[in-house]
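What follows is one structure encoded as structure tokens, with my remarks underneath.
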Amino acid sequence: MRSLDEHRAATLALAAPLPAIEVPLLDALGLVLAADVTTQAALPRWDNSAMDGYAVRAADVAAAAVDAGVVLRVVGDVAAGSADEPEVAPGTAVRIMTGAPLPPGADAVVPVEQTAVPDAPAGDPAEPQWADGGGAGLVEVRAAVAPGAHVRRAGEDADAGEAVLPAGALVGPTHLAAAASVGRATLVVHRRPRIAVISTGDELVEPGAELRRGQIPDSNSWLLAAAVLDAGAEPLRLGPVADDPAALHRLLVGLDAGEHGTVDGIVTSGGVSVGAFDVVKAALADERGVEFVRVAVQPGKPQGLGRLPGGTPIWTLPGNPVSTHASFEVFVRPAIRRMLGLADVERPRTRVVVGEGWRTPPARAQLMPVRRVPSDEVPADDVRSDDVRSDDVSSDEGGLPRVRRATARGSGSHLVARLPQAHGLAIVPADVDEVRAGDTLEVFWT
Ligand SMILES: Nc1nc2c(c(=O)[nH]1)N[C@H]1C(S)=C(S)[C@@H](COP(=O)(O)OP(=O)(O)OC[C@H]3O[C@@H](n4cnc5c(N)ncnc54)[C@H](O)[C@@H]3O)O[C@H]1N2
Ligand code: MOO
């Protein structure tokens, strides 16, 4: 049997970053930069004001104080967006708004709250008063400011020619803001993978359909399509398809040949075990690029993996819903993340303390859905309430988060209804046969 790590390496080897394309800003969200984003000019481009107030010469107001105002003549206005450059000569000031370029001659800004208008009628003391900016107004400055006060310097955020976003960064809202602020309307990113999802089994019907005995709603294709989307790729949900190997083979070959548009990978569920009607195994029996293996992990033992003749990677996951979920997490998601162009393809992991123990299969690693719980939780038979959020920081004395099995009634890989209670998957190493209360394990948070 292949180890968990060996199979992970084999699935990652199927994936490579997809080619780079140039897309409008918003289309780059969730994709990975294929090239640095570099500034054309300094950012900010010019010295500008951080406050609504008056651009002054600091030396003019060096002696100013609340009870010793210095009166300056207001010779103009610069609002944000204005291209005007009124000169601030000694003894003068210019009204300036936040973001407006600092006019020539000025070296500091006095916030309007630290000024008054000489001889103005008393108004609301909480409301600052503005002197006339038309050239005849006077302003009394009531505080000294140092040179550079309330001035945002050119190049303070980034120098001209500096890389503000590195290739390899996953684009989020703040990356779009940084790119736009240096004047980029498009970004060069790795193309988003498009992943076909197929669930197989004669027993499967669409959710909501009438069920005759033996039939069940298809849940795996929804899980997988959503997991593909959550991983950052675009799902193409096909199926459920029946246990007809020839028809499934035609569908897979068609996907590989581009009949359904670009497809960068195919994920199937079901039909890979040792049953008499295992459709995926039968459909791919003659495909030399695809192998079926047993992996020493529970759930997720029967796995298929490889490439179709056209080069499309395929992952055939076992059909038990918890197996499908765990298999996607450890074998498919990292590969999709690599196709996106990410260097770090792993989920965040931490060590945790186990609240209640359980027995595990011998000589197989285990991926146990676990739930984060308060460190003082009394062990319960099973808890269905959604009382703990995944971001609750509950930790044991050692400072580690505490977990229990999400499906405390058993670890059966059919227990799909309880799966949403899990916050992550705990990895029990293959050489551990029993997990005891107080043991520590590694968990990756899903
Ligand atoms: N004799 C043996 N039997 C089984 C073995 C074994 O080693 N020897 N392994 C078991 C393990 S472990 C797993 S996992 C399953 C894997 O079987 P398949 O991948 O062939 O999956 P199916 O037989 O198609 O389905 C298994 C189970 O899951 C349900 N299922 C399948 N697809 C869906 C879906 N899309 N939505 C909801 N539920 C689904 C299906 O109805 C079955 O109950 O084999 C064990 N057997
Ligand atoms: O390996 Mo199966 O995937 O245990 O449930």
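For ligands, and for the atoms within them, numbers begin at 1 and follow the listed sequence.
Ranked by closest heavy atom to atom 24 (O) of ligand 1, the top entry among Pro299, Gly271, Gly300 is Gly271. For atom 6 (C) of ligand 1, the choice among Ser219, Pro207, Pro361, Ser273 with the nearest heavy atom turns out to be Ser273.
Residue-to-ligand polar distances keep Arg364 apart from ligand 1: every N/O pair is separated by 3.5 Å or more. Considering backbone and side-chain N/O atoms, Ser413 never comes within less than 3.5 Å of an N/O atom of ligand 1. Below 3.5 Å of separation, one finds an N or O of Asp218 facing an N or O of ligand 1. Note: an N/O pair closer than 3.5 Å links Glu203 and ligand 1 by distance alone. Note: no N/O pair closer than 3.5 Å links Pro318 and ligand 1 by distance alone. Every N/O-N/O distance between Val297 and ligand 2 stays at or above 3.5 Å. Residue Val272 places at least one N or O, backbone or side chain, under 3.5 Å from an N or O of ligand 1.
Looking from atom 5 (O) of ligand 2 to the surrounding protein, the closest heavy atom is Ser413 OG, 2.5 Å. With hydrogens left out, the protein atom closest to atom 4 (O) of ligand 2 is Pro299 CA, 3.3 Å, a heavy atom. Of the protein's heavy atoms, Gly300 N, 2.4 Å lies nearest to atom 3 (O) of ligand 2.
Within a 6.0 Å sphere centred on CD of Glu156, other residues, nucleotides and ligands contribute more than 12 heavy atoms.
Counting the atoms of ligand 1 from 1 in the order shown, those under 4.0 Å from a heavy atom of Ser199 are 35 (N). Taking every non-hydrogen atom of Lys301 and a distance limit under 4.0 Å, the qualifying atoms of ligand 1 come out as 7 (O). Within ligand 2, the atoms closer than 4.0 Å to a non-hydrogen atom of Asn320 are 5 (O), numbered from 1 in the order shown.
Between Gly275 and ligand 1 there is no heavy-atom distance shorter than 4.0 Å. Within the 4.0 Å heavy-atom shell around ligand 2 one finds Arg364.
Atom CD of Gln303 sits about 8.5 Å away from atom OG of Ser323, to the nearest 0.5 Å. Note that the CD1 atom of Ile266 and the OG1 atom of Thr316 stand 11.0 Å from one another [nearest 0.5 Å].
Using a 4.5 Å heavy-atom cutoff, the side chains of Asp264 and Leu18 are in contact. A 4.5 Å side-chain heavy-atom check between Thr262 and Arg191 finds at least one atom pair inside the cut-off.
Side chain to side chain, Gln298 and Thr360 fail the donor-acceptor criterion of an N or O pair below 3.5 Å.
For Arg294, no heavy-atom contact with ligand 2 is shorter than 4.0 Å.
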